[in-house]
2 protein chains.
Amino acid sequence: MSSARELFIEQMGLFSQTEGAPRIAGQILGYLIVEGAPRTLTQMTQALKISKGSASTNARLLEQRGLVHRVSALGQRQDGFAAVDEPGLHTLSIMAERFRASADAIETIAVDFPDDEAAARGRVENLARFHRESAQFLDEWRARLCGRRKPAHNIYKEE
Amino acid sequence: MSSARELFIEQMGLFSQTEGAPRIAGQILGYLIVEGAPRTLTQMTQALKISKGSASTNARLLEQRGLVHRVSALGQRQDGFAAVDEPGLHTLSIMAERFRASADAIETIAVDFPDDEAAARGRVENLARFHRESAQFLDEWRARLCGRRKPAHNIYKEE
DNA sequence: CGGTACGTTCAATACAGACTGAACGAATTG
DNA sequence: CAATTCGTTCAGTCTGTATTGAACGTACCG
């Protein structure tokens with residue numbers, strides 16, 4: 001039987017997997033959320049039973065996606081990684097960015113449809129419009145959530 | 001050099017892949033969108049150069065996800081598959097459902113956190129709340145898009 | 001009834017990509 | 001300056017899964 005923290009970390013790994021990202025990336029994020037304070041790559045390798053290479057690669061992937069930030073610890077040789085305050089907000093950014101990229105790609109293709117396929121072009125343009133509007137809505141909602149967050153209530157106290 | 005329709009179909013395959021679904025599923029959806037009218041499995045195998053098994057499996061996957069519907073053609077032995085009017089709306093449903101499932105799973109785990117990890121439990125509950133609200137938001141927005149759709153303007157005329 | 005065309009299923013294969021472990025450079029330490 | 005201790009990178013392996021091709025059951029047809 002596993003502890004709640006282990007279950008949570010494993011669950012986060014599964015989520016990550018279903019979204020096309022590596023399982024370990026989700027596990028690292030879950031680990032950092034539970035810990036609530038910066039942790040080193042070495043700590044990840046021990047807690048998650050993964051290789052140093054995987055820890056480095058996936059931690060950097062999370063950093064690049066804005067879900068994790070690296071703290072250059074004072075007087076510390078090792079890098080510290082910590083989950084950002086609201087990982088969900090960055091998840092929304094990522095989704096919005098994906099929609100926007102899709103919209104761009106589809107629109108670019110749509111203009112090349114010949115005139116005798118005007119109906120098809122219309123359907124493709126319709127799909128592109130949906131993707132673009134989706135991106136915009138996600139951004140707007142993220143902004144709304146951002147504003148709603150109580151500024152004084154910082155969840156990550158320890159650090 | 002490829003035609004616009006081929007580029008679009010390939011692009012849809014790539015999108016599908018990045019979202020964890022089979023590439024062929026996206027290609028079929030793209031093909032049906034471009035065609036704008038029901039197509040048979042045999043037509044898919046020829047147009048997309050795929051096996052009959054793949055066509056059957058992936059078409060059924062799309063049907064199950066609500067992105068494609070099967071038309072039992074009159075006096076026709078073969079099944080016809082056609083993309084739904086607004087594939088995007090069903091994409092939103094799928095995303096909302098995923099968020100809801102995540103919220104459920106995370107909440108279930110959260111309650112099992114021991115009291116000496118109350119801070120961690122709070123962070124996990126916070127994540128669950130975000131997922132639940134995301135699901136709700138997506139549903140609301142889908143409903144709004146649904147209402148905005150012009151009823152008379154049916155894109156798929158031929159059939 | 002054979003014969004054909006269809007959709008589904010499943011074992012076998014192919015393939016993409018996650019993961020590892022070792023090698024490397026850089027920075028620190030004694 | 002040797003010896004650690006980092007983080008990164010990369011070739012190689014391994015695992016999951018997409019895809020195939022053939023076999024099967026069914027319905028229609030002549």
Side-chain angles (χ1 to χ4, degrees), chain A residues 9-32 38-65 67-82 94 98, chain B residues 9-32 38-65 67-82 94 98:
Chain A
I9 290 172
E10 290 164 4
Q11 190 63 256
M12 291 293 286
L14 292 180
F15 292 162
S16 181
Q17 215 165 1
T18 63
E19 295 190 359
R23 184 184 2 152
I24 290 186
Q27 290 178 349
I28 290 178
L29 181 59
Y31 171 65
L32 293 179
R39 291 292 179 259
T40 69
L41 291 181
T42 305
Q43 288 175 318
M44 297 178 197
T45 62
Q46 295 167 352
L48 306 177
K49 296 183 175 60
I50 58 178
S51 73
K52 193 167 56 161
S54 286
S56 172
T57 300
N58 288 282
R60 205 144 35 80
L61 171 67
L62 290 171
E63 184 188 21
Q64 173 192 338
R65 295 202 179 174
L67 292 166
V68 150
H69 67 275
R70 192 186 305 229
V71 303
S72 54
L74 310 81
Q76 265 290 4
R77 280 175 71 176
Q78 303 185 74
D79 293 1
F81 293 87
I94 294 167
R98 274 218 285 246
Chain B
I9 290 172
E10 290 164 5
Q11 190 64 254
M12 292 293 287
L14 292 180
F15 293 161
S16 182
Q17 215 165 2
T18 63
E19 295 192 358
R23 183 182 3 151
I24 290 186
Q27 290 178 348
I28 291 178
L29 180 59
Y31 171 65
L32 293 178
R39 292 293 179 257
T40 68
L41 291 180
T42 305
Q43 288 174 317
M44 297 179 198
T45 62
Q46 295 166 352
L48 305 178
K49 298 185 173 58
I50 57 177
S51 72
K52 193 167 56 159
S54 286
S56 171
T57 300
N58 287 284
R60 206 144 36 78
L61 172 66
L62 289 171
E63 184 188 21
Q64 173 192 340
R65 295 203 180 174
L67 291 166
V68 150
H69 67 274
R70 193 186 304 230
V71 301
S72 53
L74 310 81
Q76 265 289 5
R77 281 175 69 177
Q78 304 185 75
D79 293 0
F81 293 88
I94 295 167
R98 274 218 285 247

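So that the names make sense, note that chain A is the first sequence line, chain B the second, and so on, each numbered from 1.
- Within the 3.5 Å criterion, the main-chain N or O of A/Gln43 finds no donor-acceptor partner in the side chain of A/Gln46.
- Atom CG in B/Asn58 sits roughly 15 Å away from atom P in D/dT17 (whole-Å rounding).
- In this structure, the side chains of A/Tyr31 and A/Leu48 come closer than 4.5 Å at one or more pairs of heavy atoms.
- Side chains of B/Asp79 and B/Thr40 form no contact here, defined as non-hydrogen atoms less than 4.5 Å apart.
- Rounded to whole Å, the distance from CG on B/Leu14 to C1' on D/dA18 is 15 Å.
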Using the 3.5 Å cut-off, write out each protein N or O paired with an N or O of nucleotides 2-7 of chain C and the distance between them.
| from | atom 1 | to | atom 2 | distance (Å) |
| --- | --- | --- | --- | --- |
| C/dA5 | N3 | B/Arg77 | NH2 | 3.2 |
| C/dC6 | OP1 | B/Gln78 | OE1 | 3.3 |
| C/dC6 | OP1 | B/Gln78 | NE2 | 3.0 |
| C/dG7 | OP1 | B/Asp79 | N | 3.1 |
| C/dG7 | O6 | B/Lys52 | NZ | 3.3 |

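- At whole-Å resolution of the value, CD in B/Glu19 and P in D/dT17 are 17 Å apart.
- With rounding to whole Å, A/Leu48 atom CG is found 17 Å from C/dA18 atom P.
- With A/Ser16 contributing its side chain and A/Met12 its backbone, the two residues share no donor-acceptor pair below 3.5 Å.
- Between the CD1 atom of A/Ile24 and the P atom of D/dC14 there is a distance of 17 Å, given to the nearest Å.
- OP1 or OP2 of D/dT20 has at least one side-chain nitrogen or oxygen of B/Ser54 nearer than 4.0 Å.
- Where A/Gln17 and A/Gly53 meet DNA chain D, the nucleotide closest to each residue was compared, and A/Gly53 sits on the side nearer the 5' end.
- Residues B/Val68 and B/Ala59 approach most closely at CG1-O, 4.5 Å, considering heavy atoms.
- Rounded to a whole Å, the CZ atom of B/Arg23 is 16 Å from the P atom of C/dA14.
- When the C1' atom of D/dT8 is taken as reference, atom CD of A/Glu63 falls 13 Å away, rounded to whole Å.
- Judged by distance alone, with hydrogens and angles left aside, the side-chain atoms of A/Ser54 form no donor-acceptor pair with the main-chain N or O of A/Ile50 at under 3.5 Å.
- What separates CG of A/Leu61 from P of C/dC19 is a distance of 11 Å, to the nearest Å.
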